[in-house]
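Remember, it's a predicted structure, so these values are computed and weren't measured experimentally.
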Amino acid sequence: MIQIRKDIESRTDVSHLVRSFYAQVRNHDKLGPIFNGIVDDWESHLERLTDFWEIVILNSGPGAGKFSPVPVHKEVDKNTGNSIQQAHFGHWLELWFSTLDTYFMGKNADFAKEHARRMAHILFFRIMEGRTAKP
């Protein structure tokens with residue numbers, strides 16, 4: 001079957017992106033153990049991530065003002081023994097880009113890539129900064 005790619009235009013599209021992406025993350029040899037070790041309720045987590053990406057990509061939905069990703073990612077790093085490395089963000093971006101390229105194309109898909117790239121950079125920087133911060 002030929003997959004016809006289109007731009008991300010609705011919450012349904014965002015949900016498809018998030019669910020397809022995290023299905024790969026959960027099975028990834030490097031990312032899976034981290035995510036599967038932290039996330040207890042995948043359905044709630046996927047809905048929350050759909051809220052996040054809907055507000056980012058479409059500027060709509062219930063996500064406005066609900067998210068603060070830096071503290072959450074710092075906590076994940078702490079709970080994994082400060083094991084998060086730049087390579088983890090590289091793997092995450094590779095899967096994000098390939099999922100987007102498989103299902104979507106257009107202005108919003110391009111924005112989702114750029115936002116993820118910037119977010120990965122900032123999160124990694126803040127995690128490293130948090131490791132060296134004095135109490």
Side-chain angles (χ1 to χ4, degrees):
M1 179 171 113
I2 296 175
Q3 175 70 37
I4 299 174
R5 298 185 312 146
K6 65 181 200 77
D7 207 357
I8 302 166
E9 300 169 339
S10 67
R11 181 176 179 86
T12 300
D13 293 340
V14 174
S15 180
H16 178 69
L17 169 62
V18 166
R19 289 172 182 279
S20 299
F21 170 69
Y22 279 98
Q24 294 176 73
V25 166
R26 292 172 74 179
N27 291 313
H28 191 272
D29 64 326
K30 304 289 188 217
L31 300 176
I34 295 169
F35 281 86
N36 293 320
I38 297 293
V39 178
D40 293 327
D41 179 355
W42 271 102
E43 186 54 36
S44 294
H45 192 62
L46 293 171
E47 280 301 310
R48 186 161 168 80
L49 290 167
T50 298
D51 290 348
F52 174 78
W53 284 105
E54 182 181 5
I55 194 67
V56 168
I57 298 169
L58 301 176
N59 201 27
S60 66
K66 279 177 44 174
F67 298 97
S68 184
V70 170
V72 171
H73 287 82
K74 282 182 174 182
E75 188 67 21
V76 169
D77 184 56
K78 179 181 165 192
N79 290 338
T80 59
N82 294 332
S83 65
I84 306 297
Q85 301 297 321
Q86 190 169 17
H88 290 108
F89 286 96
H91 295 307
W92 188 90
L93 285 170
E94 287 173 17
L95 290 178
W96 183 250
F97 281 30
S98 68
T99 304
L100 279 160
D101 288 342
T102 297
Y103 298 107
F104 300 102
M105 62 184 285
K107 175 181 63 91
N108 290 337
D110 291 343
F111 179 75
K113 289 179 184 178
E114 185 55 37
H115 186 84
R117 184 182 295 116
R118 287 191 312 255
M119 189 172 71
H121 175 77
I122 290 166
L123 290 174
F124 179 69
F125 177 79
R126 294 293 184 209
I127 286 171
M128 294 299 110
E129 179 182 69
R131 288 183 190 173
T132 60
K134 301 203 185 222

- Message: Could you check whether any side-chain N or O of S15 sits under 3.5 Å from a backbone N or O of R11, counting only pairs where one atom can act as donor and the other as acceptor?
- Response: no
- Is it true that R19 and E47 make a salt bridge, defined as a side-chain N closer than 4.0 Å to a carboxylate O? yes
- Query: Hey, is the main chain of I8 close enough, under 3.5 Å, to the side chain of N108 for a donor-acceptor pair?
  - Reply: yes
- Specify the closest pair of heavy atoms between S83 and T80, including all atoms of both residues, with the distance to one decimal. OG-O, 2.8 Å
- Query: In terms of hydrophobic clusters joined by side-chain contacts under 4.5 Å, are I38 and V70 together?
  - Reply: yes
- Item | T102 backbone acceptor or donor facing R5 side chain under 3.5 Å | no
- On the 0 to 90° scale, with breaks at 30° and 60°, tag the H91-H28 ring pair as parallel, tilted or perpendicular. tilted
- Do you know which two heavy atoms are closest between D13 and K6, and how far apart they sit? OD2-NZ, 2.5 Å
- Message: Tell me whether R26 contacts the main-chain N or O of F35 through its side chain, where contact means a donor paired with an acceptor under 3.5 Å.
- Response: no
- Quick one: do D77 and F124 satisfy side-chain contact (heavy atoms from CB on, under 4.5 Å)? Show the steps, please. CA-CA 10 Å; D77 184 56; F124 179 69; over 6 Å; no
- Please answer whether the main-chain N or O of R118 pairs with a side-chain N or O of H121 as donor and acceptor at a distance below 3.5 Å. no
- Checking W96 side chain against A112 main chain: does a donor-acceptor pair fall under 3.5 Å? yes
- Item | Intermediate values then yes/no, side-chain contact (heavy atoms from CB on, under 4.5 Å), I122 and F125 | CA-CA 5 Å; I122 290 166; F125 177 79; 5.7 Å; no
- Could I get the full list of side chain to side chain contact (heavy atoms under 4.5 Å, CB included) partners for H16, not counting sequence neighbours? S20, Y103, F104
- Task: Could you tell me whether a side-chain N or O of D41 sits under 3.5 Å from a main-chain N or O of E43, the two making a donor and an acceptor?
- Result: yes
- Item | Linked, directly or transitively: V72 and L31 (ILVMFWY side chains, under 4.5 Å) | no
- Query: If you take all heavy atoms of H73 and I127, which pair is closest and at what distance?
  - Reply: O-CD1, 3.8 Å
- Query: Any donor and acceptor pair, going by atom type alone, linking the side chain of N36 with main-chain N or O of G32 inside 3.5 Å?
  - Reply: yes
- Give a yes or no answer on whether the side chain of D7 reaches the backbone of A109 with a donor-acceptor pair at less than 3.5 Å. yes
